[in-house]
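Shown next, in structure tokens, is the structure this report addresses.
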Amino acid sequence: MEKMKRMKGLRIALLAAAVMLAVELVSGNFVVEENSLAVMSPESLKGTYRSAIGNFGVPKYGGTLSGVVIYPTVNMKGCGKFPHDHFRSNSGERPKFALIDRGDCYFATKVWNAQQAGAAAVLVVDNRDEDLITMNSPEEDPVASKYLPNISIPSALIIKKFGDKLKTALSNKELVAIKLDWREAMPHPDERVEYEFWTNSNDECGPKCDDQVEFVRNFKGVAQILERGGYTQFTPHYITWFCPQAFIESKQCKAQCINNGRYCAPDPELDFTRGYDGKQVVTENLRQLCVFKVANESLPRQPWKWWDYVTDFQIRCRMKDNRYGPECAEEVMKSLSIDVDAVRKCIGDPNADADNEILKHQQDVQVGEGVRGDVTILPTLVINQRQYRGKLDKTAVLKAICAGYLETTDPPICLSDTIETNECADNNGGCWERGSITACKDTFRGRVCECPLVHGVQFEGDGYTHCEAHGLGRCKVQNGGCWEETRLGVYHSACSDYHHHGCHCPLGFEGNASKVEGGCVDIDECARKLKCQCPDCKCTNTWGSYECECANDLLYFHEHDTCINRKSGQSKAAGWVVSLIVLAGLSVLGLGSYVVYKYRLRTYMDSEIRAIMAQYMPLDSQGEVQNHSHNGVREP
Ligand SMILES: *[C@@H]1O[C@H](CO)[C@@H](O)[C@H](O)[C@H]1NC(C)=O
Ligand SMILES: *[C@@H]1O[C@H](CO)[C@@H](O)[C@H](O)[C@H]1NC(C)=O
Ligand SMILES: *[C@@H]1O[C@H](CO)[C@@H](O)[C@H](O)[C@H]1NC(C)=O
């Protein structure tokens, strides 16, 4: 028993030595990714500063965020919970950034505590004089792993000197306003984004492996759209260690490595006596690389098949189900029409004491080059040669990829709903809205206020305070934003296609006509003495109009707002108007009669003449009248 324990201890030590030696050879070049931080006020601190993007939460790649800085008076290190809503901004206020000191607990814990109290971002002040460092996420911490995926705000580390200046300004009761800027955090040299995902086929390493599996599954759709559209060039990578020469003959290296110690992966359970060995993991890694290579070189090229293979393999060939291995892998390949023979050929013989081109390349590119650091931790995402910082989450990663394009060359997916930042959820992002119609659009660059196109009707305006429908059909969309009302079956509207824009109160109404500004109100023609002012007339206001009853059995003549006598057509008030009308009527009648008379006379005469003439000669209209003809020769 004792001996076994010692043996196991020795094994682990050997394993650790092997891994450490391998790590040592490639480590020491971890690049800090930065975003810019601009102080807007106070005047004395105005300027741009450097800050380091935290490796958790969601950096707003491609965007900016402005806010005011709050330094808590207690719990300055943010290791305990803050009072409820301590950093939450009220509506209309700028977002609040929590300024928190480094030390005593994980960076992620501080950020999580501040987020829960409503902070929009966290600035962590370093507690020693040094250059910027990357705030990493805690590894293998069961408590942290619970809240880590829920951190959704960005965080940045600032150097101590700058943090002290901010604190001084705050203690002098000055307003410290800051703009965090991630627009240049991702280079965007051209219209295609190159990105690498460093992963592992091992699915039994706890939360970390689960995260990778989950990410690949969630991101697959987006990755394939981007790749098919030619917007990205994706390359998968797998970290591969080698066994130091002195240990090649050891049991450990034999269990963990292929090609005579050249390519190794750690044992999934860190126990060589049970379950799967590192050897099997490195072989599957190689297979996945080969699947990519074969699919990338097939005709037509289909590099996106890697995503299908990997997700299907994760579902169908799990270690848990004892299905991890070549048989299951080849089943998956067959169902995806991947050339199994080509993949086998690419894998080659794992027992051969020879290099494998594919894995050798993986070891070479693992070492950092240019601005990209070494890849030593999994999973690692490298976008346009920059190491991605933030959580491995579909939206966050897509946002970072989208930030890799120049602003006008974004693929459509970057501007679609899938990448929404939910900035429209809060106060409609400060954009114009009317009922269900809104000018707020979530994009990965943050929200934009842009007048919408609704049912073919284009709204125009600044998008912030004002959008208005123009042209035909505008009244069909929320009545063009104009007032409308129905009372007792009578409908009135302030929108009409007669006007190309704007709202206009119908006759009998007045007001701003637009729906939100009070709409139209009935004009009380009677009270205002506008109509029906004849002596003894009875005026009754109605909605949109009025009624007028004349005295003495007279008839109300609406168009002329006057009373007329039913019998003589004489009105008391404006008899002459009616006389004129009657006179005019008579004249028209007279003229008409004359015209009719003349016409009738002519037709009468015509027919008389025709009748007389018809007796002597054939008329076309009457056909041949044989009796009066002489061999076709007409008599006069
Ligand atoms: C994280 O979010 C999930 C889903 O929104 C929720 O179920 C879970 O309780 C959250 N965890 C913590 C620690 O708040
Ligand atoms: C995939 O194919 C493209 C185009 O043929 C090529 O540029 C790229 O290097 C290939 N990637 C790999 C990993 O073979
Ligand atoms: C709308 O009309 C009301 C009164 O009818 C007036 O007080 C208000 O200022 C008007 N609003 C606009 C924007 O004209």
Side-chain angles (χ1 to χ4, degrees), residues 56-58 78-82 84-85 88 105-119 122 137-138 141-153 189-199 207 210-211 214-215 218 223-224 226-240 285-310 338-339 342-343 345-348 356-366 369 372 375 380-385 390-396 420 422 425:
F56 43 80
V58 182
C79 294
K81 286 217 177 309
F82 290 102
H84 186 65
D85 284 352
R88 200 170 308 278
C105 58
Y106 292 128
F107 289 121
T109 309
K110 300 169 192 280
V111 177
W112 175 238
N113 285 335
Q115 177 181 317
Q116 282 182 302
V122 173
S137 53
D141 183 90
V143 180
S145 71
K146 290 233 170 57
Y147 60 73
L148 213 49
N150 293 28
I151 298 180
S152 58
I153 60 171
D190 54 27
E191 292 178 16
R192 193 182 69 183
V193 166
E194 283 86 31
Y195 71 109
E196 314 169 349
F197 182 47
W198 290 80
T199 183
D210 297 344
D211 278 358
E214 179 91 1
F215 169 71
N218 286 337
Q224 292 185 330
L226 288 168
E227 200 72 18
R228 281 169 187 264
Y231 297 112
T232 53
Q233 183 173 26
F234 166 72
T235 317
H237 286 290
Y238 294 79
I239 291 186
T240 307
N285 289 352
L286 175 57
R287 189 174 293 115
Q288 299 193 350
L289 284 164
C290 286
V291 163
F292 179 79
K293 184 168 184 283
V294 167
N296 191 39
E297 288 169 0
S298 72
L299 282 172
R301 263 186 88 226
Q302 294 177 313
W304 48 85
K305 275 204 173 166
W306 178 88
W307 293 90
D308 290 318
Y309 173 79
V310 171
I338 294 168
D339 186 345
V343 172
K345 195 164 159 244
C346 166
I347 294 171
N356 177 296
E357 199 191 312
I358 306 281
L359 289 176
K360 190 167 187 310
H361 178 66
Q362 296 303 303
Q363 282 176 339
D364 291 346
V365 292
Q366 222 161 295
E369 46 174 70
R372 197 206 74 192
V375 178
T380 291
L381 193 66
V382 180
I383 304 172
N384 275 353
Q385 291 288 309
K391 68 175 167 182
L392 206 61
D393 157 270
K394 175 184 153 193
T395 308
E420 60 194 28
N422 277 329

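Heavy-atom basis, side chains included; hydrogens, waters and symmetry copies ignored. Note that ligands are numbered from 1 as they come in the structure, with each ligand's atoms numbered from 1 the same way.
Put simply, the side chain of Lys391 never gets that close to the backbone of Ala396: no donor and acceptor are under 3.5 Å apart. Although no hydrogens or angles enter the test, the distance criterion places a donor-acceptor pair under 3.5 Å between the side chain of Gln115 and the main chain of Asn150. In terms of modelled atom types and a separation under 3.5 Å, the side chain of Asn356 and the main chain of Ile347 share a donor-acceptor contact.
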Given the rule in the side-chain contact (heavy atoms from CB on, under 4.5 Å) test, do Phe56 and Tyr106 qualify, once you have shown the distances and angles that lead to the verdict?
CA-CA 12 Å; Phe56 43 80; Tyr106 292 128; over 6 Å; no

Could you give me the CA-CA distance, side-chain angles and deciding distance for Gln385 and Glu196, then say whether side-chain contact (heavy atoms from CB on, under 4.5 Å) is met?
CA-CA 9 Å; Gln385 291 288 309; Glu196 314 169 349; 4.2 Å; yes

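In this structure, the salt bridge (Lys or Arg N to Asp or Glu O under 4.0 Å) partners of Glu194, at least two apart in sequence or on a different chain, are Arg192.
Enumerated by chain and number, the residues approaching ligand 2 to less than 4.0 Å through a heavy atom are Gln233, Thr235, Phe292, Asn296, Arg301.
For ligand 1, the atoms sitting less than 4.0 Å from at least one non-hydrogen atom of Trp112 are 14 (O), numbered in the order shown with element in parentheses.
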